[in-house]
> 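Quick one: the structure is below, and I'll ask about it shortly.
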There are 2 protein chains.
Amino acid sequence: MSNKNVFLKKYFLMTRSEENYLKTIFHLGGGDSNSITTNAIAEQMETKPSSVTDMAKKLSEKGLVDYVRYQGVSLTDAGVKTALSIIRKHRLWEVFLVQKLDFTWDEVHEVAEQLEHIKSEKLIDKIDELLDFPKYDPHGDPIPTKDGKFQERDKKLLSEMPINSQGVCVGVKDSSVPFLKFLDKNNIALGNSIKVVDKEDFDHSLHILMNGKELRISHQIASNLYVKKND
Amino acid sequence: MSNKNVFLKKYFLMTRSEENYLKTIFHLGGGDSNSITTNAIAEQMETKPSSVTDMAKKLSEKGLVDYVRYQGVSLTDAGVKTALSIIRKHRLWEVFLVQKLDFTWDEVHEVAEQLEHIKSEKLIDKIDELLDFPKYDPHGDPIPTKDGKFQERDKKLLSEMPINSQGVCVGVKDSSVPFLKFLDKNNIALGNSIKVVDKEDFDHSLHILMNGKELRISHQIASNLYVKKND
DNA sequence: ATCTATTTTTAGATTTGTCTAAATTTAATT
DNA sequence: AATTAAATTTAGACAAATCTAAAAATAGAT
Ligand SMILES: [Mn+2]
Ligand SMILES: [Mn+2]
Ligand SMILES: [Mn+2]
Ligand SMILES: [Mn+2]
C-alpha cells in the first residue's frame, strides 16, 4: 500500500470495531469530557478490559477519544461526531426496516448493527429522504440530524408519572427482544394514550388506562416505558 | 468461545473475505468442476497468489471448493450455492439503489459490494419483494432466484450482430464507471432499440440506429454492449 | 500512612488475512 | 531428456483485534 493510503487508513477510515467502540462509549455517556472506565466499556461490549485498553490507545492516537491511563476515556468532538453518525445510520435503518420492509420492532436491531457500518453518505441521506426525515426510531429514540444535532424528547418513565396524569407512550428504555415481544403480546405500542389511574404502594404496580382500556402493569414494565406527559 | 460456537464459526459463518473469494471464483467460471488458477484469482482480486493459496486451503477445508495443489480451485455444489446467494444480494441491492434511491447505474456497484455481505435472509427476501422480484440488475445481469436458479438471457454482443439485424440493448459487458458514464453521455441506455445499418471493415466501427437516431459506434463500445436480437 | 481489594495495564499468545522472498512444481523449449 | 521459464506453494513476517496471566496503579478501609 502507498504511503498516502496508509495515512488515509490510519486517520480517516474507521474499522467496524473502532466504530462500535465509539458508539458504546457514547451510549455510556462518554460525551462532554465525561470519562468512562475500561471496565464499563468491556462489560457493555462483552469483551475484556485489556482489549478496551488497546483500542483506547488506538482511538486516542486518531484523536477520537481522550485517554488517560487508569482514568478511562472520553470522546473528543471528532469522536462524538463519528459516534452520532453511526447512531444516525443505525436508527434510520431501523425505521427503514419497519416502515418499508415490514420488520417488527424486535427484529430490527440485529440487522441495523450490520447496516450501520455501510460506508456511503449518499446512501444514508437517500434513505433519510425516502423515509421523509423521521425524528425517532421504532423504539422512540431520537435520530441525529446529518450535522449531528440531537433532539432528546421531553419524556419520563411511566413509573414516575403521578396518579391521574395522562400522556402518550413514546419509547422504551429496555429494547431487548423479550421485552418488545411482551409489549406486543399485551398490545402496548408507541403512540398509545396512557392515563395513570392508581399506583399500588406494596409492589409499585400501576393501574392504568391504555387507549381507554384498563390494564395492570408491574413496576418492572412501568420503569421501562417512556411517556410524554400531556400539558 | 464455546466448542459449539467454534464449530458453527468454522463450518457455517462466512467471513467477508471468504465470500469475496467464492464470488470471484464463480465469476471466473469456477462452477461445473472448472478449475481456476490461483494467479487468475489473485489478478482479479488485486491480491497475491500466495494469499489465494492460503484461502484455497481454508475454503477446501470448509467443503466450498475443490483444491488440488498446483492445479487450481473449482467450486463444489455448496460453493456455487453460496456464491449465487452473494451475487443475488449484490444485484438486488443494485436494483434497490437505482429504483428506490435514484442512484445512477455507475454508482451502485461500490455500495453493493458492501451491502452484499449483510447477513439476513429476511432482509434480502423483503428487498426482493419490495422490488417486485426483478429478473435483471441495472447492468442487465440476471438475478439468481432464492433457490439459486440462474436464467442467463439470450443475448449477443452488438459487435457480432450482422448488418440489418435489429434488437434491444439489454446489458453491458464492461460495467466500469468510465464506460457507464460514457454511455450516459451518448444517451445509450438499456431498453433502447438498435438496428445495425452498416459495419466498417477497416476499424470495425458500426453505423447504427438507436431509438431511430443515427449513431456511429467504435468497435470498443460495440464489443461491450449486449443486445437481444429481435426474432 | 499502610494494607488490601479492585481496577487497569502490560506482556505475550492466537486467529485471520495479508505480504515478501525463497523453494518447489509444472509447462514449454530445445 | 535436459534445460529453462512461469506458475504455484511454503516459510516466515506483519497488522488488527482479541485473549489470558501477571504486574502495576488506584481507591477504600483500617
Ligand atoms: Mn437498535
Ligand atoms: Mn432503536
Ligand atoms: Mn456490481
Ligand atoms: Mn451489476
Side-chain angles (χ1 to χ4, degrees), chain A residues 1-25 28 30 35-62 64-74 113-114 117 119, chain B residues 1-3 5-25 28 30 34-62 64-74 113-114 117 119:
Chain A
M1 222 187 280
S2 73
N3 258 7
K4 187 189 165 198
N5 280 348
V6 170
F7 177 81
L8 284 175
K9 180 160 193 185
K10 187 157 183 192
Y11 291 99
F12 294 103
L13 296 181
M14 307 254 76
T15 66
R16 175 176 296 222
S17 185
E18 287 169 343
E19 290 184 343
N20 282 334
Y21 273 96
L22 290 181
K23 196 179 50 154
T24 300
I25 296 166
L28 291 173
S35 256
I36 310 296
T37 66
T38 47
N39 254 15
I41 298 165
E43 187 172 358
Q44 179 75 25
M45 298 186 75
E46 298 185 83
T47 180
K48 302 293 167 181
S50 56
S51 306
V52 178
T53 300
D54 288 345
M55 185 56 84
K57 288 174 183 169
K58 201 197 308 186
L59 293 174
S60 166
E61 190 65 35
K62 287 193 173 190
L64 295 163
V65 303
D66 291 319
Y67 168 57
V68 183
R69 271 166 76 233
Y70 294 101
Q71 298 304 129
V73 295
S74 62
E113 284 290 304
Q114 301 179 59
H117 301 290
K119 269 130 190 117
Chain B
M1 219 187 281
S2 71
N3 256 7
N5 281 348
V6 169
F7 176 81
L8 284 175
K9 179 159 192 187
K10 185 157 185 190
Y11 291 99
F12 294 102
L13 297 181
M14 306 253 76
T15 67
R16 174 177 298 220
S17 186
E18 288 170 342
E19 291 183 341
N20 282 334
Y21 273 96
L22 290 180
K23 194 179 53 155
T24 300
I25 295 166
L28 290 172
N34 218 328
S35 255
I36 310 296
T37 66
T38 47
N39 255 14
I41 298 165
E43 187 172 359
Q44 180 75 23
M45 298 186 74
E46 300 186 80
T47 181
K48 302 294 168 182
S50 55
S51 306
V52 177
T53 300
D54 287 345
M55 185 56 84
K57 288 173 182 167
K58 202 197 307 183
L59 293 174
S60 166
E61 190 66 34
K62 286 193 175 192
L64 295 162
V65 304
D66 290 319
Y67 168 58
V68 183
R69 270 165 76 232
Y70 294 101
Q71 298 305 128
V73 295
S74 62
E113 285 289 304
Q114 300 179 61
H117 301 291
K119 268 122 189 128

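In the text below, chain A, chain B and the rest are named by the order of the sequence lines, each starting its count at 1.
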> Taking only N and O in the side chain of A:Y21, is any of them less than 4.0 Å away from OP1 or OP2 of D:dA16?
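False: A:Y21 side-chain N/O out of range (4.0 Å or more) of D:dA16 OP1/OP2.
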
> Taking only N and O in the side chain of A:K57, is any of them less than 4.0 Å away from OP1 or OP2 of C:dT10?
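Yes, within the criterion.
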
> To the nearest Å, give me how far apart CZ (B:R16) and P (C:dT18) are.
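Nearest whole value for this atom pair: 12 Å.
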
> Using whole Å, what does the distance between atom P of nucleotide C:dT8 and atom CD of A:E43 come to?
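These atoms are roughly 11 Å apart.
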
> For atom CD of B:E19, decide whether the heavy atoms of other residues, nucleotides or ligands shown that lie under 6.0 angstrom number more than 12.
yes

> Distance check needed: C:dT7 P versus A:I36 CD1, whole Å only.
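Going from A:I36 (CD1) to C:dT7 (P), I get 16 Å.
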
> Please name the pair of heavy atoms, one in B:Q114 and one in A:K119, separated by the smallest distance, quoted to 0.1 Å.
OE1-N, 2.6 Å

> Are there over 12 heavy-atom neighbours, none belonging to B:E43, within less than 6.0 Å of that residue's CD?
no

> Find the distance B:L59:CG to C:dT16:P and express it as a whole number of Å.
13 Å

> For A:Q71 and B:N39, take the nucleotide of DNA chain D holding the closest heavy atom to each; which residue's nucleotide lies nearer the 5' end?
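By nearest-heavy-atom nucleotide position, the 5'-most residue is B:N39.
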
> At a heavy-atom distance below 4.0 Å, what parts of residues 45-55 of chain A sit against DNA chain C?
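Heavy-atom contacts with DNA chain C come from A:P49, A:S50, A:T53.
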
> Using a cutoff of under 3.5 Å, can you pull out all pairs of nitrogen or oxygen atoms linking the protein to nucleotides 22-25 of chain C, with atom names and distances?
from   : atom 1 : to    : atom 2 : distance (Å)
C:dT25 : O4'    : B:Y70 : OH     : 3.3

